[in-house]
**Student:** 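Pasting in a structure now, in structure tokens, and then I'll have a few things to ask.
Just so it is clear, the values below take in all heavy atoms, side chains as well, and ignore hydrogens, waters and symmetry mates. All figures in this text were calculated on a predicted structure; none of them were measured in a lab.
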Amino acid sequence: MKLTGVYKIKTHEQLKAIADPLRTKILMNLVKDAYTGQQLAELLDITRNNIYFHLKELEKHGIIHVVRKEEKNGIVQKYYRAVASRFIPEDHLLPSLDLVETSRQVFMETLDVTRTKIENASVSSFALNSESEHYRKNIAGTYRFHATQENFHAFVEEFKQLMHKHFTMETAEPGSTALSPEEKSYYMSLIAFQDDQEDITIR
């Protein structure tokens, strides 16, 4: 089952349901793929009772749902998936202090996934090749800049268009993207946020 693009959080109860840091981790994994409670418990290193409690709360508030059931050794296993790839609150719920830490947690989870990807990437991902010194095979950079909100939003929209222009984008469904013989898989993590701590100098 394909994810919808954006799901709008409509109630304070839904907002509180996703505000818990552990539920944020659960939800981020269920955006990427479908998992059973047992699989999530092992992935996040928590007890099954704990994971099922949080899954029940997220399902009750319509944030996740069961996408399929499989029987194994006489036991029916439920596979859960997020109902959307992005979750945003409706205007009447803002501003929300509950979402501040949830948003921060999403950024931290993104960094953790990227670190894991780097640590487990093959040697060839970082090996230098003198024969193609003018062609980049990877990038790593941190930038500090000033922009209006309008210009920042315009950059994000143009960046999305640029991605689709030059790349074959992976879909949320594993294995559904066919690569041509010339294409290789890349992983890119992009994080940007307003930061007024001018004492941190980044070049």
Side-chain angles (χ1 to χ4, degrees), residues 1-68 77-121 140 142 144 149 152-153 156 160 170-174 187-197 199-200 202:
M1 181 178 293
K2 291 185 178 181
L3 301 181
T4 59
V6 177
Y7 180 89
K8 285 207 170 185
I9 301 296
K10 301 175 179 65
T11 68
H12 288 282
E13 288 73 19
Q14 286 182 310
L15 198 60
K16 289 186 177 298
I18 66 171
D20 180 88
L22 178 54
R23 289 179 196 164
T24 300
K25 288 186 177 183
I26 293 171
L27 189 56
M28 289 186 69
N29 280 284
L30 294 182
V31 164
K32 293 181 287 186
D33 203 353
Y35 290 97
T36 66
Q38 176 65 34
Q39 289 172 333
L40 285 169
E42 294 173 359
L43 184 65
L44 300 176
D45 194 25
I46 59 177
T47 65
R48 284 195 299 174
N49 286 342
N50 197 2
I51 200 75
Y52 282 116
F53 169 77
H54 290 293
L55 287 173
K56 183 177 179 181
E57 286 298 304
L58 290 170
E59 185 181 17
K60 180 174 71 176
H61 292 290
I63 308 300
I64 65 172
H65 58 169
V66 176
V67 292
R68 71 177 187 272
Q77 297 180 324
K78 296 180 181 180
Y79 283 79
Y80 296 89
R81 192 80 195 269
V83 298
S85 57
R86 287 183 60 211
F87 295 83
I88 60 174
E90 291 191 342
D91 290 343
H92 73 277
L93 297 174
L94 298 174
S96 169
L97 292 179
D98 287 328
L99 278 187
V100 171
E101 289 308 314
T102 299
S103 297
R104 194 192 306 272
Q105 185 66 35
V106 169
F107 278 70
M108 295 302 295
E109 286 295 310
T110 302
L111 287 174
D112 287 344
V113 171
T114 301
R115 176 180 290 275
T116 300
K117 286 281 189 180
I118 293 172
E119 290 174 344
N120 291 282
T142 304
R144 188 175 184 87
Q149 288 187 350
F152 182 79
H153 177 72
V156 173
K160 291 178 182 177
E170 283 275 356
T171 66
E173 302 299 322
Y187 178 85
M188 180 162 60
S189 177
L190 180 69
I191 292 177
F193 54 93
Q194 185 179 347
D195 177 29
D196 296 323
Q197 295 187 29
D199 59 319
I200 300 177
I202 299 174

**Student:** List the atom of L27, the atom of A82, and the distance in Å for their closest heavy-atom pair.
**Tutor:** CD1-CB, 3.8 Å
**Student:** Taking all non-hydrogen atoms of both residues into account, name the closest pair between I9 and Q14 and its distance.
**Tutor:**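 Smallest interatomic distance, heavy atoms only, reads CG2-CB, 3.6 Å.
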**Student:** Could you pull out all residues at least two apart from T116 that satisfy side chain to side chain contact (heavy atoms under 4.5 Å, CB included)?
**Tutor:** N120
**Student:** Kindly say whether Y7 contributes a backbone atom to a donor-acceptor pair with the side chain of R86 at under 3.5 angstrom?
**Tutor:** no
**Student:** With sequence neighbours excluded, what pairs up with Y35 under the ring pair (Phe, Tyr, Trp, His ring centres under 6.0 Å) test?
**Tutor:**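 Partners of Y35 by the ring pair (Phe, Tyr, Trp, His ring centres under 6.0 Å) criterion come out as none, since no residue qualifies.
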**Student:** Which atom pair, heavy atoms only, marks the closest approach of G37 to I51?
**Tutor:** O-CG2, 3.4 Å
**Student:** Would you compute the distance between atom NE2 of H65 and atom CD1 of I63 and round it to the nearest 0.5 angstrom?
**Tutor:**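 The distance works out to 11.0 Å.
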**Student:** If you take all heavy atoms of G5 and A84, which pair is closest and at what distance?
**Tutor:** O-CB, 4.3 Å
**Student:** Any chance CD of Q149 has more than 12 other-residue heavy atoms, nucleotides or ligands included, within less than 6.0 Å?
**Tutor:**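 No, CD of Q149 has 12 or fewer neighbouring heavy atoms, counting only those of other groups under 6.0 Å.
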**Student:** My understanding is that only residues two or more places apart in sequence, or in another chain, count here; which of them pass side chain to side chain contact (heavy atoms under 4.5 Å, CB included) with A192?
**Tutor:**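 Applying side chain to side chain contact (heavy atoms under 4.5 Å, CB included) to A192 gives F152.
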**Student:** Grab the two heavy atoms, one from L15 and one from P89, that are nearest each other, plus how far apart they are.
**Tutor:**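 Reported closest heavy-atom pair: CD1-CB, 4.2 Å.
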**Student:** Check whether any side-chain heavy atom of I118 lies under 4.5 Å from a side-chain heavy atom of Y187, and answer yes or no.
**Tutor:**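 Not touching, per the 4.5 Å side-chain cut-off.
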**Student:** Answer yes or no: is there a side-chain heavy-atom contact under 4.5 Å between L40 and L30?
**Tutor:**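 When only atoms from C-beta onward are counted, L30 and L40 do touch, with a gap below 4.5 Å.
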**Student:** Evaluate the criterion side chain to side chain contact (heavy atoms under 4.5 Å, CB included) for residue pair T110 and S189; output intermediate values, then yes/no.
**Tutor:** CA-CA 8 Å; T110 302; S189 177; 3.5 Å; yes
**Student:** Kindly say whether Y80 contributes a backbone atom to a donor-acceptor pair with the side chain of T36 at under 3.5 angstrom?
**Tutor:**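 No, T36 side chain to Y80 backbone: no donor-acceptor pair under 3.5 Å.
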**Student:** Among residues at least two apart in sequence or on other chains, which ones pass side chain to side chain contact (heavy atoms under 4.5 Å, CB included) with R68?
**Tutor:** A34, E70, Y79
**Student:** Is the NZ atom of K117 crowded by more than 12 outside heavy atoms at less than 6.0 Å?
**Tutor:** no
**Student:** Determine the minimum heavy-atom distance between G62 and V83, stating which atoms define it.
**Tutor:** O-CG2, 3.5 Å
**Student:** Quick one: side chain to side chain contact (heavy atoms under 4.5 Å, CB included) partners of L22, sequence neighbours excluded?
**Tutor:**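 Residues passing side chain to side chain contact (heavy atoms under 4.5 Å, CB included) with L22: D20, I26, L44, I46, N50, H54.
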**Student:** In Å and rounded to the nearest 0.5 Å, what is the CD to OG1 distance from E119 to T114?
**Tutor:** 11.0 Å
**Student:** Are any side-chain N or O atoms of N29 and backbone N or O atoms of K25, one a donor and one an acceptor, separated by less than 3.5 Å?
**Tutor:**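 Yes: the side chain of N29 pairs with the backbone of K25.
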**Student:** Would a 4.5 Å heavy-atom cut-off, applied to side chains only, mark H61 and I18 as touching?
**Tutor:**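 Side chain of H61 against side chain of I18, heavy atoms only: no contact under 4.5 Å found.
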**Student:** Please check if the side chain of R23 supplies one atom and the backbone of L58 the other of a donor-acceptor pair under 3.5 Å.
**Tutor:** no
**Student:** For residues 36-59, which residue pairs pass the salt bridge (charged side-chain N to carboxylate O under 4.0 Å, His left out) check, not counting sequence neighbours?
**Tutor:** E57-K60
